Amino acid sequence: MTEKKSSLPENIQRKIDQWVTRYPTEQKRSGVLQALMFVQEHNGGYLTEALMDAVADYLEMPRIAVYEVATFYSLYHLKPVGRHVIDVCTNISCMLRDSQCIVDHIKKRLHINANETTTDGKFTLREVECLAACAAAPMMQIGKKYYENLTPEKVDTILDGLE
Amino acid sequence: MSDIEIEIDGQTCTAAPNQMVIQVADAVGIYIPRFCYHKHLSVAANCRMCLVEVEKAPKPMPACATPVAAGMKVFTRSAKALAAQRAVMEFLLINHPLDCPICDQGGECELQDLSLGYGKADSYYCEGKRSVKDEDIGPLIATDMTRCIQCTRCVRFGTEIAGIRELGATDRGENMEITTYIKHTIQSEVSGNIIDLCPVGALTSKPYRFTARAWELVQSATIAAHDCIGSHLYAHTRDGKVMRVVPRENTALNETWISDRDRFSYEGLYHEDRVQKPMIRENGKLKEVSWQDAFAFALQGLQRTLNRSGVAELAGLISPSATLEELYLFQKLLRSVGSTNVEHRLRQSDFSDAMSVAPLVFSLNEFSDADVILLIGSQIHKEQPIAGVHVQKAFKRGAKIIAVNMLDYDFHFSLTEKMIVAPQAFVSALMEINEGKNAMAAVLSSAKKVCIVLGAAAQNHMQAGLVRTLAEQIAKKYNAALGIFTEGANAMGAWIAGAVPEKQMPTSAKAYLLLNVEPDKDCGNPAATVHALRAAEFVVSFSIFHNPILQACAHVIFPIVPFTETSGTFVNMAGDWQSFTGVANAVGEARPAWKVLRVLANYLQLSGFDYESSEEVRREVKEKSLARVPVVVKEVNVVADIPKNKIYRVGDIPIYEVDSIVRRAKALQAIQPVMEGELAAVRMSTEMLTQLQLREGMEVRVKQGEHSVRLPVKLDTHVPGGAVFVPGGIEATKELGNLFGEIEIEGID
């Protein structure tokens with residue numbers, strides 16, 4: 001039989017191959033989270049159905065199982081997002097430390113509402129639930145980085161510093 | 001480990017150490033309310049309805065996920081348990097719509113029933129209820145996802161039983177939905193079971209929808225009529241008409257499941273093609289007459305033809321899905337007249353191993369401890385979906401499945417080894433295994449218990465005699481349980497009833513008796529059969545449905561009834577004699593075939609046809625029951641000389657084309673193209689396309705001998721080189737010859 005060809009880019013396939021070596025061969029689907037991450041990064045920050053299908057086929061798992069994972073975790077985006085996704089925690093600890101002020105400030109500065117992207121495609125703003133950094137509330141996450149003990153001024157400096 | 005004792009509601013119960021509380025309670029008849037728990041599915045414990053109080057446990061425990069422990073004391077109706085159950089009920093009802101009056105599940109809804117017992121009349125909840133958009137998941141299952149309580153039974157069924165995961169739970173928390181996510185038609189051949197599994201009205205039967213209420217229906221037990229498993233069914237009727245079909249539990253066969261074919265085929269029963277009145281041909285035209293006139297006409301015609309040409313010129317073809325009683329009387333009538341030309345193996349062409357090859361008794365239980373299952377010419381999940389479920393289960397348990405097939409079927413399990421060869425190489429492939437030379441033989445020899453499944457393609461193959469003999473030799477060599485999975489519901493019964501000839505059937509005869517045979521769809525060589533019927537002097541057909549060929553060449557058509565309207569017996573492949581009674585009223589003037597045969601025999605003045613009931617016929621068969629002739633295993637040394645450089649046809653019968661009823665079931669017909677793709681086509685591999693210089697989409701002339709049809713070419717990577725897939729049993733190919741045989745493809749300029 002001919003090997004089925006994957007529509008995933010060669011370098012992504014290699015990255016996934018390497019990642020799944022840490023699981024038993026018959027459980028390579030355990031690598032689905034990281035595989036989706038690789039694919040999302042490669043695709044400019046979001047996933048498409050075609051890409052999710054490609055991951056499912058590559059890891060030999062049902063496609064619906066990949067959709068379940070991708071819709072469950074907030075770190076996957078199913079629609080195009082800005083270069084920087086700003087996740088501001090508005091859960092209880094941050095809320096008590098006035099995260100609303102941070103959200104309002106960002107909204108005003110970027111002229112967008114939550115779950116919207118700036119017209120230049122640079123920022124997307126989201127309100128998220130607890131990111132487990134309560135000790136440093138209010139906090140936000142941009143990309144893979146946590147920014148803590150926020151004030152509007154601090155937010156400005158952070159945003160100014162982003163490409 | 002030995003059994004332990006626990007106490008449920010003060011009652012001492014014996015339990016196995018690995019059991020859950022709910023299993024023990026069920027066994028002793030103590031009912032604990034539940035939604036997500038199902039005895040044949042994994043434990044999810046996500047509905048929380050089965051919360052019970054356990055002594056010394058600080059919180060109520062879910063009975064479905066709490067293992068028993070010695071001395072455990074469980075209270076299912078204590079104040080604490082009831083309070084917990086009531087709270088869960090209130091929680092489940094937060095988002096459930098109050099649309100019971102317009103819900104198809106109303107009256108047989110687990111949520112409705114339990115809310116009567118545990119629900120409150122009013123709710124504290126004043127926020128908006130959530131609603132979920134419905135999806136179209138195909139012609140069999142209607143969805144109302146707002147009603148879903150997310151028990152996930154349907155999702156687990158897909159993963160664990162059907163082996164094909166199509167539904168899932170996407171998003172999370174309040175936004176969680178049971179969905180296919182993308183637009184998708186459910187393709188599992190046992191998908192209808194999620195209708196039964198759904199404890200609410202989220203998944204209901206689309207064909208049955210809004211046609212009846214549960215409390216108007218009469219439930220009668222019957223047996224499935226489309227494959228050799230003989231699943232146990234309940235037919236639900238109203239005013240003598242079958243409104244729907246649901247499973248009847250049977251541990252050995254279908255557990256609590258049935259195939260979609262058995263569930264939705266009832267739609268075909270009331271197709272407009274049903275023959276309602278006896279008909280005879282006068283001056284070349286069929287006209288409706290009384291039963292007496294039809295019998296008199298048949299008597300006259302048969303006598304005239306047989307007096308002139310002799311009794312050897314009488315032949316009888318009967319459906320392998322006829323009842324035991326019908327098969328017995330049919331062959332008895334023919335033999336009493338003096339003809340032994342009686343056949344039920346309509347799609348088979350080669351009996352060179354022996355004329356009367358009895359199907360082997362094979363219990364589905366054999367799969368339960370098999371560690372290797374060899375499929376020979378079998379697409380088991382489409383041919384016998386319930387057997388497919390058993391194989392799936394074995395696969396889940398770790399059994400290796402290997403296959404020698406002529407098409408690379410998409411199974412729901414993965415194959416450890418496979419050989420996909422064209423029909424002309426099929427016998428040599430089996431010989432390789434028999435000689436123990438290849439990887440497949442290595443898998444077989446490493447096994448402790450092997451099961452071999454001989455499917456339809458193997459039996460309909462042009463060298464079926466050799467195939468069977470080799471299968472027997474392989475079975476002997478590896479000490480395997482061999483199952484010949486026959487077509488139709490009652491091939492085993494046909495053999496017991498003696499509906500097999502003593503020598504090869506003649507290719508043509510002057511007079512024919514046909515019983516529920518559609519010559520263009522049910523036969524292995526439709527062109528030849530139709531030709532023979534057209535040339536015959538006198539054709540008597542006992543028909544459930546009108547068929548254009550029979551309307552053109554039958555001289556008498558007796559309207560007979562399907563299995564739902566007569567009493568009878570099917571003998572399944574496990575050898576169980578499964579008798580049933582009529583569950584619905586006959587349509588028009590149609591009568592049970594056993595009665596029609598009896599009366600015709602009386603007209604023919606044959607003795608021994610004075611039966612009062614079908615039970616009497618059955619008793620006679622039982623007494624006479626032909627002793628099982630052991631099949632002589634012949635030595636096979638030579639591969640029969642078939643030209644290797646020719647192209648051969650693989651003529652599988654699509655899942656919903658197997659018999660006259662299924663072919664007329666609307667919803668099944670609607671889903672078939674989704675499952676099988678376009679069937680009116682000649683499918684071949686890329687390699688064959690190049691070899692024949694064809695392109696996908698081109699019209700070609702497909703020829704078998706003198707017969708040809710025009711079909712579009714389709715690329716199909718499942719087809720091996722040297723072969724093309726041209727399905728049988730369908731309109732587009734009914735003018736072709738052998739299902740398995742030489743075929744020519746010609747381009748059309």
Side-chain angles (χ1 to χ4, degrees), chain A residues 1-7 20 24-30 32-33 35-36 39-40 46-79 81 87 89-92 114-115 126-132, chain B residues 132 135 137 150 152 154-160 162-188 395-396 398 400 403 405 407-421 439 685-687 715 717-721:
Chain A
M1 280 302 294
T2 47
E3 185 104 332
K4 271 195 200 133
K5 277 192 75 166
S6 173
S7 57
V20 296
T25 15
E26 70 281 5
Q27 283 169 35
K28 60 179 174 182
R29 59 188 286 174
S30 306
V32 64
L33 285 171
L36 284 172
V39 172
Q40 174 164 289
Y46 73 105
L47 292 167
T48 62
E49 274 168 26
L51 287 170
M52 290 190 274
D53 289 349
V55 169
D57 297 348
Y58 195 75
L59 295 176
E60 292 171 2
M61 58 194 282
R63 290 178 172 187
I64 180 72
V66 174
Y67 307 149
E68 285 178 331
V69 168
T71 54
F72 185 89
Y73 293 101
S74 58
L75 33 66
Y76 300 113
H77 306 292
L78 304 168
K79 284 191 201 115
V81 287
D87 289 338
C89 172
T90 51
N91 208 302
I92 190 140
N115 300 316
R126 300 195 303 174
E127 291 181 24
V128 297
E129 305 306 336
C130 185
L131 290 171
Chain B
V132 180
E135 283 185 277
I137 57 171
Q150 293 151 359
T152 70
C154 54
V155 177
R156 281 175 283 147
F157 176 81
T159 320
E160 296 161 20
I164 161 168
R165 182 108 130 72
E166 300 179 275
L167 287 165
T170 62
D171 274 300
R172 60 172 159 174
E174 198 193 25
N175 298 321
M176 185 171 127
E177 279 180 34
I178 300 296
T179 171
T180 55
Y181 190 66
I182 50 162
K183 189 168 165 38
H184 174 84
T185 299
I186 299 283
Q187 298 195 15
S188 161
F395 173 73
K396 285 240 154 204
K400 290 177 181 161
N405 274 328
L407 291 174
D408 193 3
Y409 303 118
D410 291 321
F411 291 110
H412 305 323
F413 39 78
S414 50
L415 298 172
T416 309
E417 289 290 339
K418 64 180 169 187
M419 292 171 86
I420 309 299
V421 294
S685 61
T686 327
E687 171 195 333
L715 169 68
T717 49
H718 300 86
V719 188

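Predicted, not measured: the structure shown is a model, and the values here were computed from it. In what follows, chains carry the letters A, B, and so on, assigned in the order in which the sequence lines appear, proteins first and then strands, with residues in each chain numbered from 1.
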Contact list (residues 171-179 of chain B to chain A, heavy-atom gap under 4.5 Å, by number) returns B:D171, B:R172, B:T179

Toward chain A, the part of B:I164 with a non-hydrogen atom under 4.5 Å = neither

Residues forming a ring pair (Phe, Tyr, Trp, His ring centres under 6.0 Å) with B:Y181, sequence neighbours excluded = A:Y67

Side chain, backbone, both or neither: which part of A:A65 has a non-hydrogen atom closer than 4.5 Å to chain B?
-> both

Please step through salt bridge (Lys or Arg N to Asp or Glu O under 4.0 Å) for the pair A:E60 and A:K28, ending with a clear verdict.
-> CA-CA 8 Å; A:E60 292 171 2; A:K28 60 179 174 182; 3.8 Å; yes

List for me each residue that meets side chain to side chain donor-acceptor pair (under 3.5 Å) alongside A:N115, sequence neighbours excluded, and say none if there are none.
-> none

Should the ring pair B:F413 and B:F411 be called parallel, tilted or perpendicular, given that the plane angle runs from 0 to 90° and is split at 30 and 60?
-> parallel

Salt bridge (charged side-chain N to carboxylate O under 4.0 Å, His left out) partners for B:K400, two or more places apart = none

Assess the side chains of B:E135 and B:T180: does a donor N or O sit below 3.5 Å from an acceptor N or O?
-> yes

Option from B:N405, B:D410, B:D408 for which side chain to side chain donor-acceptor pair (under 3.5 Å) with B:H718 holds | B:D410

